[in-house]
Amino acid sequence: MSKERLLELRSLLHEHNHRYYVLHQPTISDFQFDSWMKELEALETFFPEMLDNNSPTRRVGSDITSKFEKVEHVRPMLSLTNSYSEEEVADWVNRIDESVGGEIDYVLELKYDGVAVSLHYEEGVLVRALTRGDGKVGEDVTANVRTIKNIPLQLTGDYPKSFEIRGEVFLPREAFEKMNAERAEIGMDLYANPRNTASGTLKQLDSKEVAKRPLSSLMYFVLGDEGLAATHSARVEQARSWGFDVPYASKRMIERLKSVEEMMAFIHYWDAHRNELTFDIDGIVLKVDKIALWDELGMTAKSPRWATAYKFKAEKVSTQLEQITYQVGRTGAITPVANLKPVFLAGTTVKRASLHNADQIEKLDIREGDWVFVEKGGEIIPKITHVDLSHSRGSENPHRYISTCPVCSTPLLRMDGEAQHYCPNRDGCSPQIIGKLEHFVSRKAMNMEGWGVETLTAFYQSGWVTNVADLFALKLSEMVGFEYWVEDEVSGEKRRRTLQQKTIDNLQEALKESRNVPFERVLFAIGIRHVGETVAKRLAKHFKSVDRLMMASYDELMAVADVGDKIAESVISFFQLSSNLELINLLKVAGLQFEMEQEELGEELAPVLAGKIFVVSGVFSKYSRDELKQDIEKRGGKVSGSISSKTSFVVAGDDMGPSKRQKAEELNIPILTEQMYIEMISA
Ligand code: IVH
């Protein structure tokens, strides 16, 4: 009987649970599994101090198959039948008239394009939030839903003791575009549309990550046994009075109507105006207002008869592809662009559409001169869905993707596993140089007001500025009256500008101010590939100065929260280039901050872990993995990415990889559970 054996059994059982429930590849018999479990139970009774809520004895194995607890819906979550035409709407109304008769009020509201959730409130408090799942069983996403700002956690007014409310969780378009812009900036793949992003976000394991994304909601359905009004429209108002976000009649988001004619007017209004909303809708939902009629009308196999959805057609037009051109981004990434014969689509004139990458062009077999279908569905940026073969083809041969940079003619590269080609000539390719300058002065980086793309381009074209350090060497005071040309992006017209004293004062002021920008933002500004705002912050906090960051090994980088191998490799190769080291030296001389300031270093915790090297692996319940790493560092410990003879402890959560465990065991390195770690730091 030993504690070592206890730990060994836990790890064996975790591993075989995972093999059984997640991988569906058991390698031991059920009998063997059960007998280990019994042995572990016995040991845990014997050593009560080794209690751990994450022990395999403490949970039913099937929990592991999914990340969220599955919960049966009290009332099934049904779907809606779809209608696509006036005729179908009229049929639906007729059927209802025939089956229940009399004057019937209908309520029409928007069909929000997001993720359905069911929220349960007891005594005015949110107790559970479930996804739709298969309609009968949903997933418990309460922790994540709690982060959505317009979902009340405590109700106000005269609410029923117990009820359920359903609605849609979505990501407003602007937030979606901002997220994608940030991803594009650090060279990450873009999210397809707001709906998928909202759905993915709601299923994130770490609710703190969810909280960073501005999800929103609108409620559309209140259910319960008591304290509820007799019509849907009155229940919507009740929900508003308890603190929920529900549609506004004043904005025409909900209307009570009687005739098919009025209904079609509402539908057409929103089909034409949907782009004015801040979020996506994909149709209109039509409902019978009086709830007593719902039971009377009953349901079909999967959907109620008292409601239907009018689905908008994805807006799509056919136009001619005139030319495929290529854009070069700040990091050298090449994006092929379809230049189209201008066409009106979903409220705007479309002239260009992204073709993403070489694979996309090949997949769709798009050729210059082809007629193509352009669609604006859930996606914000118009996309080409396929070639319109009702017209004759354009070019005879498949499109040949460029092999050299369209701007500087350098042969393009494509890394293994990356979709995009890129131009490696970072210091000699103008869009990369101007892009880097633009990024450097941008608000989130050095925030140099007055330094816009036009001035930067002019200075670059005059040969005065080829990198960010040159900005600090400019003799601005001698440049009053400097003339330059700017090109209007839309009309292509060129206009002459003259540099005025006042502008120069502003430019100088911004240069001066930039010396106060903290290290973490300077680090973001210098534009290391894949190092976005958050990672720059983490690296700055961890290494505290650029000199230390430069010396960091791959393992040391990997040990920093949010840093994966792509980022670690990018940081290392950035500092391997002598031109980058020179640039940093020049910026240091110019007075920019390359160290954390003393007060930024944060509150100090007792360095109880000084001299100890930790490896953190698996999933934890009280900390996220990143928090745990930060906690270790705050207490003076070091975190390393891989186990070696120098490792002092391994902190193991759920699902720690078997190879890591084996290595730790071979090297005789103690494996701590999260609980044991907590006890260790509080001892
Ligand atoms: S009422 C019995 N109202 O559409 C179903 N649903 O296709 C009652 N949806 O799962 C649903 N906006 O996620 C209703 N104003 C709205 C809606 C709405 C979006 C979604 C909902 C539902 C799906 C049905």
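First listed ligand is number 1; within each ligand, the first listed atom is number 1.
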Quick one: look at [X] and ligand 1, take heavy-atom pairs under 4.0 Å, and tell me if it's side chain, backbone, both or neither.
| X | result |
| --- | --- |
| E168 | side chain |
| V285 | side chain |
| K287 | side chain |
| L110 | backbone |

Mark up the atoms of ligand 1 that fall under 4.0 Å of a heavy atom belonging to L78, in ascending order. 2 (C), 5 (C)
For the aromatic rings, using the six-membered ring if either is Trp, is the centroid distance between F266 and Y106 under 6.0 Å? no
Donor-acceptor pair, [X] side chain versus [Y] backbone, under 3.5 Å?
| X | Y | answer |
| --- | --- | --- |
| D113 | D280 | no |
| H399 | A358 | no |
| R195 | V115 | no |

Which is closest to [atom] by heavy-atom distance: [options]?
| atom | options | answer |
| --- | --- | --- |
| atom 23 (C) of ligand 1 | E109, K111, R75 | K111 |
| atom 10 (O) of ligand 1 | A116, P247, G114 | A116 |
| atom 11 (C) of ligand 1 | Y220, Y112, F170 | Y220 |

Compute the minimum heavy-atom distance from P304 to ligand 1 and say whether it is under 4.0 Å. yes
Do we see a donor-acceptor contact under 3.5 Å between the side chains of Y220 and E168? yes
T142 and D140: side chain donor to acceptor below 3.5 Å: yes
Check this for me: E262, atom CD, are more than 12 non-hydrogen atoms of other residues, nucleotides or ligands nearer than 6.0 Å?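 Enclosed.
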